Amino acid sequence: MTVRLRRGVAVTLGFSLAFLAACGDNAPDRDLEGYPAEEIYKRAEYEITQRDFDDAAHYFGEVERLYPYSDWARRALIMQAFSYHRDKDYENARVSAQRFLDFYPADEDAAYAQYLLALSYYDQIDDVGRDQGLTFQALQALRAVIERYPDSEYARSAALKFDLAFDHLAGKEMEIGRYYLKRKHYAAAANRFRVVVEDFQTTRHTAEALHRLVESYLALGLLEEAQTAGAILGHNYRSTEWYEASYRLLAGQGLEPKAFENNWLGAVYRQMIRGEWL
């Protein structure tokens, strides 16, 4: 019987019934010395089919402990990382994946180990209101998959997740900016929205960030900055609700979207007109 877990990794059941009976329900507490590496490995695979990923990780660890430097140990280490990840034990998943990369950097499963390492950060990304440290770590690990293993089957998935994580960071900046804007801390709000426009311009938050800059700069009396933000909106996001809202705000003060070059947004506008983006 074979159970496929992912492309290139399959579980093949066929360990001895004697081994299964000897282990019993409390198998992780049993002394496994004397059992062949293959039998312990297959028992770990069996635990995966039972969705008992914690026990599976234990058995894979025993293979490596009892038969270090063997091919079974190499295979067990990457599967231990997989099992920990499926058990949502992300810290141990990272440890196992990193150990695999340290011991077997040229192995065909190195790309998958790096991908598991990245997922162990990515899958912990919480709502935008939480600390973003894990998001930064996820971005670094995902970038490693893309750059080190561009031809692997994991590169495309890593690239998609990278974009989502990047968007997540922009969402954090927007949330903080809106918080300041609501409380009329306009300078602090503008600084957050500027970060989005300068550093996260490929995300879905850019149009709103430009509109919020129009709001913030009008409140601060920085009319040229407000008009320039409106001009960028008109150049790139004319069909959006954010441009319409900004246009109404500007028109309400007798202004119109217009690019002025003597501010930071003027540089952004010139680059965009030339078909370039920061």
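No hydrogens, no waters, no symmetry mates; every other heavy atom, side chains included, goes into these values. This is a predicted model, so every value here is computed, not measured.
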* Asked: Tell me, do L139 and R143 make a side-chain contact under 4.5 Å, heavy atoms counted?
  -> no
* Asked: Between R192 and Y179, does a side-chain contact (heavy atoms from CB on, under 4.5 Å) hold up when you go through it step by step?
  -> CA-CA 10 Å; R192 292 293 182 166; Y179 174 88; over 6 Å; no
* Could you state the interatomic distance from CG (L119) to OH (Y112), rounded to the nearest 0.5 Å? -> 7.5 Å
* Take atom CZ in R75; do more than 12 heavy atoms of anything else shown fall under 6.0 Å from it? -> yes
* Side chains of Q80 and R99: does their closest heavy-atom pair fall under 4.5 Å? -> yes
* Asked: Under 4.5 Å between side-chain heavy atoms, hopping through other hydrophobics if needed: is there a path connecting Y115 to L160?
  -> no
* To do: Step through the shown structure and confirm whether more than 12 heavy atoms of other residues, nucleotides or ligands are within 6.0 Å of CD on Q50.
  => yes
* Taking all non-hydrogen atoms of both residues, which atom of P105 and which atom of A110 are closest, and how far apart? -> O-CB, 3.5 Å
* Asked: Do F193 and E215 come close enough that some side-chain heavy atom pair is under 4.5 Å?
  -> no
* Starting from the C-alpha separation in whole Å, work towards a yes-or-no answer on side-chain hydrogen bond (donor to acceptor under 3.5 Å, both in side chains) for S120 and H85. => CA-CA 7 Å; S120 71; H85 181 261; over 6 Å; no
* Is it possible for you to say whether I176 and V196 belong to one hydrophobic cluster, with membership spreading through side-chain heavy-atom contacts below 4.5 Å? => no
* To do: Find out whether L66 and Y35 are in side-chain contact, i.e. whether some heavy atom of one side chain is under 4.5 Å from a heavy atom of the other.
  => no
* To do: Please check if the distance between the ring centroids of F53 and Y84 is under 6.0 Å.
  => no
* **Residue that, paired with H168, satisfies side chain to side chain contact (heavy atoms under 4.5 Å, CB included) out of T135, T203, L134** => T135
* Linking I/L/V/M/F/W/Y whenever any side-chain heavy atoms sit under 4.5 Å apart, do L255 and L233 land together? -> no
* Structure fact -> So CD of Q253 and CD of Q227: to nearest 0.5 Å the spacing works out to 9.5 Å
* Structure fact -> Distance col, row Y186:OH vs L213:CG, nearest 0.5 angstrom, shows 14.0 Å
* Asked: Are K182 and R178 side-chain neighbours, meaning at least one heavy-atom pair lies under 4.5 Å?
  -> no
* **Whether over 12 other heavy atoms sit under 6.0 Å from Y243 OH** => yes
* Sidechain N-carboxylate O distance under 4.0 Å for K42, E45 -> no
* Asked: Ignoring hydrogens and geometry, is there a side-chain-to-backbone donor-acceptor pair from E64 to A73 under 3.5 Å?
  -> no
* Asked: Does L77 belong to the same Ile/Leu/Val/Met/Phe/Trp/Tyr cluster as Y41, with side-chain heavy atoms less than 4.5 Å apart forming each link?
  -> yes
* To do: Run the numbers on K161 and Y154 for side-chain contact (heavy atoms from CB on, under 4.5 Å), then give the verdict.
  => CA-CA 11 Å; K161 287 179 169 57; Y154 310 107; over 6 Å; no
* Asked: Can you tell me how far CG of D54 sits from NZ of K88, rounded to the nearest 0.5 angstrom?
  -> 14.5 Å
* Looking at CE of M79 and CZ of F60, how far apart are the two atoms once the value is rounded to the nearest 0.5 Å? -> 4.5 Å
* Pairwise side-chain contact, E173 with F200, heavy-atom cut-off 4.5 Å (strictly under) -> yes
* Asked: What do you reckon, is CZ of R51 surrounded by more than 12 foreign heavy atoms closer than 6.0 Å?
  -> no
* Structure fact -> Rounded to the nearest 0.5 angstrom, the CG-CG distance for L218 and L249 is 6.0 Å
* Aromatic ring pairing Y180/H185, orientation class (parallel under 30°, perpendicular over 60°, tilted between) -> perpendicular
* Asked: Are the charged groups of R74 and D71 less than 4.0 angstrom apart, N to O?
  -> yes
* Do L210 and W242 have side-chain heavy atoms sitting under 4.5 Å apart? -> no
* Mutual orientation of the aromatic rings belonging to Y104 and F100 [parallel < 30°, tilted 30-60°, perpendicular > 60°] -> tilted
* Can the ring centres of Y67 and W72 be said to be less than 6.0 Å apart? -> no
* To do: Before giving the answer on side-chain contact (heavy atoms from CB on, under 4.5 Å), spell out for I78 and L116 the whole-Å C-alpha distance, their side-chain angles and the decisive distance to 0.1 Å.
  => CA-CA 9 Å; I78 188 65; L116 279 175; 4.3 Å; yes
* R65, CZ: over 12 other non-hydrogen atoms inside 6.0 angstrom -> yes
* **Lys/Arg N to Asp/Glu carboxylate O, R43 vs E39, below 4.0 Å** => no
* **Closest non-hydrogen atom pair, I146 against A155** => CG1-O, 4.0 Å
* Asked: Is there side-chain contact between E261 and Y269, with heavy atoms separated by less than 4.5 Å?
  -> no
* Joint hydrophobic cluster, V214 plus M174, side-chain heavy atoms closer than 4.5 Å -> no
